[in-house]
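Scroll down for the structure; my scribbles are underneath it.
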Amino acid sequence: MTESLPRNGMKGSIVLFGPPGAGKGTQAARIVDLTSKPQVSTGDMLRAALSEGSKLGIEAKSFMEAGELVPDEVIIGLISERLKMDDAKNGVLFDGFPRTIAQAEELAKIEEVSLVISIEVPDDSIVRRIVGRRMDPETGEIFHIDFKPAPESISDRLIQRKDDNEETVRSRLNAYHQQTKPLSDWYSKLSEKTNLRVISVDGRGSIDEVAESINLELEVF
Ligand code: AMP
């Protein structure tokens with residue numbers, strides 16, 4: 001049962017790991033409710049910077065539009081500032097970070113990660129998931145034209161992320177396999193010699209099924 005899990009006392013930060021479109025953002029919202037840790041999504045932070053037109057946004061724009069990773073120094077700077085904020089002192093839920101071994105190494109110097117939740121989805125499901133994704137700009141809630149249709153009353157205001165087109169998705173998947181996937185072994189190895197826990201769940205089911213698998217895995221510990 002989701003509500004009965006006593007997750008509030010968990011120390012340290014949680015990393016939500018998985019390919020683009022695995023459902024990290026959707027599951028993050030639930031884990032935030034369970035653990036009271038704030039969600040820290042580097043993708044959301046970069047999109048906010050982009051729409052404000054800040055220096056960071058201008059720096060990140062071309063990488064994001066090409067589906068490539070923003071340079072590590074930029075991301076690490078962003079995260080170290082974010083972790084200084086008051087609400088981060090009992091750990092946060094990282095969504096979409098770290099995405100390279102260099103980012104994970106820098107993170108390990110400044111923050112304790114106690115849990116990695118890896119959501120696994122094969123490439124062939126990902127393109128359909130991402131291309132059908134829509135967001136409510138007022139609440140940030142994520143919908144999907146087939147898997148989670150939005151209520152009629154808000155359907156006019158939904159937006160599609162600029163990088164959620166098929167061509168960019170292929171580049172993002174490529175970046176994931178080349179630069180991010182190796183982190184999965186990196187964290188597994190780390191878990192053998194530290195208190196870090198790594199859990200993997202099959203991300204192909206419905207939103208509720210994946211949430212339930214995460215809860216079941218968490219109960220094992
Ligand atoms: P996301 O919303 O997590 O899919 O991120 C959207 C885009 O922002 C990615 O395709 C990258 O261009 C950039 N981005 C987000 N997080 C990171 C990160 N941790 N490292 C490098 N680039 C990132």
Side-chain angles (χ1 to χ4, degrees), residues 1-3 5 14-35 39-48 50-51 61 63-69 93-97 99 116-181 183-184 199-218:
M1 285 292 154
T2 311
E3 293 74 17
L5 280 176
I14 302 174
V15 169
L16 251 182
F17 182 82
K24 297 188 295 292
T26 304
Q27 296 300 331
R30 297 178 174 229
I31 301 169
V32 165
D33 286 346
L34 268 179
T35 61
Q39 177 183 2
V40 172
S41 156
T42 38
D44 286 349
M45 291 162 90
L46 293 170
R47 276 183 291 279
L50 211 91
S51 62
K61 189 172 191 273
F63 295 101
M64 294 174 78
E65 287 181 357
E68 290 166 12
L69 294 188
L93 173 67
F94 291 112
D95 160 11
F97 171 85
R99 260 179 155 101
V116 174
I117 301 173
S118 171
I119 306 181
E120 298 183 351
V121 178
D123 283 7
D124 52 10
S125 317
I126 285 178
V127 177
R128 181 165 174 228
R129 278 173 171 238
I130 295 193
V131 173
R133 186 156 75 172
R134 301 289 182 273
M135 192 186 71
D136 177 359
E138 283 184 21
T139 62
E141 189 168 358
I142 303 157
F143 295 94
H144 190 282
I145 52 174
D146 301 318
F147 308 131
K148 189 187 171 191
E152 190 95 20
S153 57
I154 64 163
S155 59
D156 283 353
R157 68 172 190 237
L158 297 183
I159 54 169
Q160 183 177 29
R161 268 171 55 171
K162 208 170 170 191
D163 58 350
D164 276 354
N165 63 75
E166 188 159 345
E167 193 193 339
T168 312
V169 172
R170 303 250 175 234
S171 310
R172 286 159 68 197
L173 266 176
N174 192 36
Y176 172 76
H177 285 294
Q178 303 287 322
Q179 291 160 280
T180 308
K181 188 78 192 29
L183 257 184
S184 153
I199 64 170
S200 297
V201 297
D202 184 341
R204 281 172 303 180
S206 69
I207 294 167
D208 285 337
E209 281 164 356
V210 177
E212 198 49 39
S213 311
I214 293 175
N215 289 330
L216 286 175
E217 285 290 341
L218 286 174

Work out which heavy atom in Arg99 is nearest to a heavy atom in Thr180; give both atom names and the distance.
-> O-OG1, 2.7 Å
Would you give the length of the straight line joining atom CZ of Arg204 to atom CD1 of Ile126, rounded to the nearest 0.5 angstrom?
-> 11.0 Å
Pick one: which of Ile14, Val116, Val15 meets side-chain contact (heavy atoms from CB on, under 4.5 Å) with Phe94?
-> Val15
Please check if atom CZ in Arg161 has more than 12 non-hydrogen atoms from other residues, nucleotides or ligands closer than 6.0 Å.
-> yes
Heavy-atom distance under 4.5 Å between the side chains of Leu93 and Thr35, does that happen here?
-> no
Which pair of heavy atoms, one from Ile142 and one from Lys148, lies closest together, and at what distance?
-> O-NZ, 3.2 Å
What residues, two or more places apart in sequence or in another chain, satisfy ring pair (Phe, Tyr, Trp, His ring centres under 6.0 Å) together with Phe63?
-> none
Distance-only criterion, 3.5 Å: show the donor-acceptor pairs between side-chain atoms of residues 153-160 and protein atoms not counting sequence neighbours.
residue: Ser155; atom: OG; partner: Glu152; partner atom: O; Å: 2.9
residue: Arg157; atom: NE; partner: Asp136; partner atom: OD1; Å: 2.8
residue: Arg157; atom: NH1; partner: Glu138; partner atom: OE1; Å: 3.4
residue: Arg157; atom: NH2; partner: Asp136; partner atom: OD2; Å: 2.9
residue: Gln160; atom: NE2; partner: Val131; partner atom: O; Å: 3.0
residue: Gln160; atom: NE2; partner: Asp164; partner atom: O; Å: 3.3

Would a distance-only check, ignoring hydrogens and angles, find a side-chain to backbone donor-acceptor pair under 3.5 Å from Thr42 to Gly96?
-> yes
Sub-3.5 Å donor-acceptor pair from the side chain of Ser118 to the main-chain atoms of Ser200, do we have one?
-> no
Could you walk me through whether Arg30 and Asp208 pass salt bridge (charged side-chain N to carboxylate O under 4.0 Å, His left out), step by step?
-> CA-CA 10 Å; Arg30 297 178 174 229; Asp208 285 337; 2.9 Å; yes
Measuring from Ile117:CD1 to Ile214:CD1, what's the distance to the nearest 0.5 Å?
-> 5.0 Å
Name each donor-acceptor pair under 3.5 Å that joins a side chain in residues 17-27 to protein atoms two or more places apart or in another chain, with its distance.
residue: Lys24; atom: NZ; partner: Gly18; partner atom: O; Å: 3.0
residue: Lys24; atom: NZ; partner: Pro19; partner atom: O; Å: 3.0
residue: Gln27; atom: NE2; partner: Ile207; partner atom: O; Å: 3.1

Kindly compute the distance separating CG (Leu50) from CE (Met64), expressed to the nearest 0.5 Å.
-> 6.0 Å
Say you draw a straight line from CZ of Arg172 to CG of Leu69; how long is it, rounded to the nearest 0.5 Å?
-> 10.5 Å
Tightest non-hydrogen contact, residues Gly67 and Ala175, listed as O-CB, 4.0 Å
Testing Val169, Asn165, Thr168 for side-chain contact (heavy atoms from CB on, under 4.5 Å) with Ile130, which one passes?
-> Val169
Please answer whether the main-chain N or O of Ala150 pairs with a side-chain N or O of Arg134 as donor and acceptor at a distance below 3.5 Å.
-> no
Do the charged groups of Arg47 and Asp44 touch, with an N to O distance under 4.0 Å?
-> yes
